[in-house]
Amino acid sequence: MSDRKAIESWLTDMDGVLIHEGQPVPGAPDFVRTMRASGKPFLVLTNNSIYTPRDLQARLARMDLHVPEESIWTAALATAQFLSDQRPGGSAYVIGEAGLTTAMHAVGYVLSDYAPDYVVLGETRTYSFEAITKAVRLINDGARFICTNPDPTGPSTEGALPAAGSVAAMIEKATGVTPYFVGKPNPMMMRSALNTINAHSESTAMIGDRMDTDILCGLEAGLETILVLTGISTRAEAERYPYRPSRIIDSVADLIDEL
């Protein structure tokens, strides 16, 4: 990667990179402070569609991670932007929380269960069998099927929780319709993030803790990719993939001198 341009913009995952199990990763507060002081464009990315950027800003601030609201990019925002580009002013039946419904309203979408253009599945703390049944019937009636992210499980203090990808698989099995996933590892998530901060792939780095989402997504979008070992993927696991990150480091603390 020696022929790459100098890094002028940064994208970073949140869980496993800046925070882990509800606590800041050692060095992450200094990393964020130095990043902001550098003046370089950056975004914190998350596939979690439950929270609005304002919610996440407050959550991070409690851990001494002071990220501006406009520097947070969620799968919910990417999904809403994608649908607005595809079918402006459309309608959708949404299974999700405030992060997703707020994003859909912000782009002018009507949320309805009457002949919607789309069924949009996101993360929620309580998946309702009634809502899933309605989604199945609407898709069978012709609604297009969109899911914010393909993650099969999500983290919690008690252990893994079923996530949007698992529920999407159930709906797909019931309808025979495969959803379109907008979040990582779809490069669409990266491109929409780059556009948000007017950055270029040749001079942007993606920091992540998962080979199968963060690194794959960054790689396919043409970014420099940096795997940190504070989350899911280990150095040994990284060697098993057919693709490689640009580099592997212990944590974001190792990047502070580069900012």
Inset, instruction - Decide, yes or no, whether a salt bridge links K184 with D214 under the criterion of side-chain N to carboxylate O below 4.0 Å. - result: yes
Inset, instruction - For residues H200 and K5, determine if any side-chain heavy atom of one lies less than 4.5 Å from a side-chain heavy atom of the other. - result: no
Legend entry - Distance-only side-chain donor-acceptor flag, T204 / W10, under 3.5 Å: no
Inset, instruction - Measure from the side-chain N and O atoms of N47 to the backbone N and O of A75, and report whether any donor-acceptor pair falls under 3.5 Å. - result: no
Inset, instruction - Go through the side-chain N and O atoms of Y241 and D212 and say whether any donor and acceptor fall under 3.5 Å apart. - result: no
Legend entry - With T74, the side chain to side chain contact (heavy atoms under 4.5 Å, CB included) member among N48, L45, L56: L56
Legend entry - Heavy-atom neighbours of D85 CG exceed 12 at 6.0 Å: yes
Inset, instruction - Write down the atom of A28, the atom of V252, and the distance for their closest heavy-atom approach. - result: CA-CG2, 3.9 Å
Legend entry - Residues R33 and D64 bridged, charged N to O under 4.0 Å: yes
Inset, instruction - Please answer: with hydrophobic residues joined when any side-chain heavy atoms are less than 4.5 Å apart, are L229 and M14 in the same cluster? - result: no
Legend entry - F82 and its side chain to side chain contact (heavy atoms under 4.5 Å, CB included) partner, picked from N186, I146, T148: I146
Legend entry - Side chain proximity check, V182 to C147, heavy atoms < 4.5 angstrom: no
Legend entry - Side chain T34, main chain I256, donor-acceptor under 3.5 Å: no
Inset, instruction - Kindly say whether L83 contributes a backbone atom to a donor-acceptor pair with the side chain of Y109 at under 3.5 angstrom? - result: yes
Legend entry - Spatial distance of atom OG (S251) from atom CG (D209) [nearest 0.5 Å]: 12.0 Å
Inset, instruction - Spell out, as yes or no, whether a donor-acceptor pair under 3.5 Å connects the side chain of D117 to the backbone of S91. - result: yes
Inset, instruction - Please lay out, stage by stage, how W73 and S192 fare under the test side chain to side chain donor-acceptor pair (under 3.5 Å). - result: CA-CA 9 Å; W73 188 247; S192 63; 3.1 Å; yes
Legend entry - Any donor-acceptor N or O pair under 3.5 Å, side chains E123, S49: no
Legend entry - Linked, directly or transitively: I50 and M63 (ILVMFWY side chains, under 4.5 Å): yes
Legend entry - Distance (rounded to the nearest 0.5 Å) between R62 CZ and Q57 CD: 11.0 Å
Inset, instruction - List the steps, then state whether side chain to side chain contact (heavy atoms under 4.5 Å, CB included) holds for T12 with M206. - result: CA-CA 6 Å; T12 176; M206 172 66 199; 5.9 Å; no
Legend entry - Results of side chain to side chain donor-acceptor pair (under 3.5 Å) for R247 - residues two or more places apart only: E224, E258
Legend entry - Residue of the set L138, V119, I139 for which side chain to side chain contact (heavy atoms under 4.5 Å, CB included) holds with T175: I139
Inset, instruction - Using the rule that two of Ile, Leu, Val, Met, Phe, Trp, Tyr join whenever any of their side-chain heavy atoms come within less than 4.5 Å, decide whether V32 and I226 are in one cluster. - result: yes
Inset, instruction - Kindly work out whether a path of hydrophobic side-chain contacts (I/L/V/M/F/W/Y, heavy atoms less than 4.5 Å apart) joins V228 to F42. - result: yes
Legend entry - V67 backbone acceptor or donor facing S71 side chain under 3.5 Å: no
Legend entry - Test ring pair (Phe, Tyr, Trp, His ring centres under 6.0 Å) applied to Y127 - qualifying residues, sequence neighbours left out: none
Inset, instruction - Give a yes or no answer on whether the side chain of E237 reaches the backbone of T234 with a donor-acceptor pair at less than 3.5 Å. - result: yes
Legend entry - Atom pair CD1/OG1 of I95 and T124 - distance to nearest 0.5 Å: 9.0 Å
Legend entry - Exercise: do D55 and T52 side chains pair donor with acceptor under 3.5 Å: yes
Legend entry - In one Ile/Leu/Val/Met/Phe/Trp/Tyr side-chain cluster, 4.5 Å: V167, Y180: no
Legend entry - Distance in Å, L219 CG paired with M211 CE, rounded so as to fall on 0.5 Å steps: 8.5 Å
Inset, instruction - Verify, without hydrogens or angle tests, whether R144 (side chain) and P116 (backbone) share a donor-acceptor contact under 3.5 angstrom. - result: no
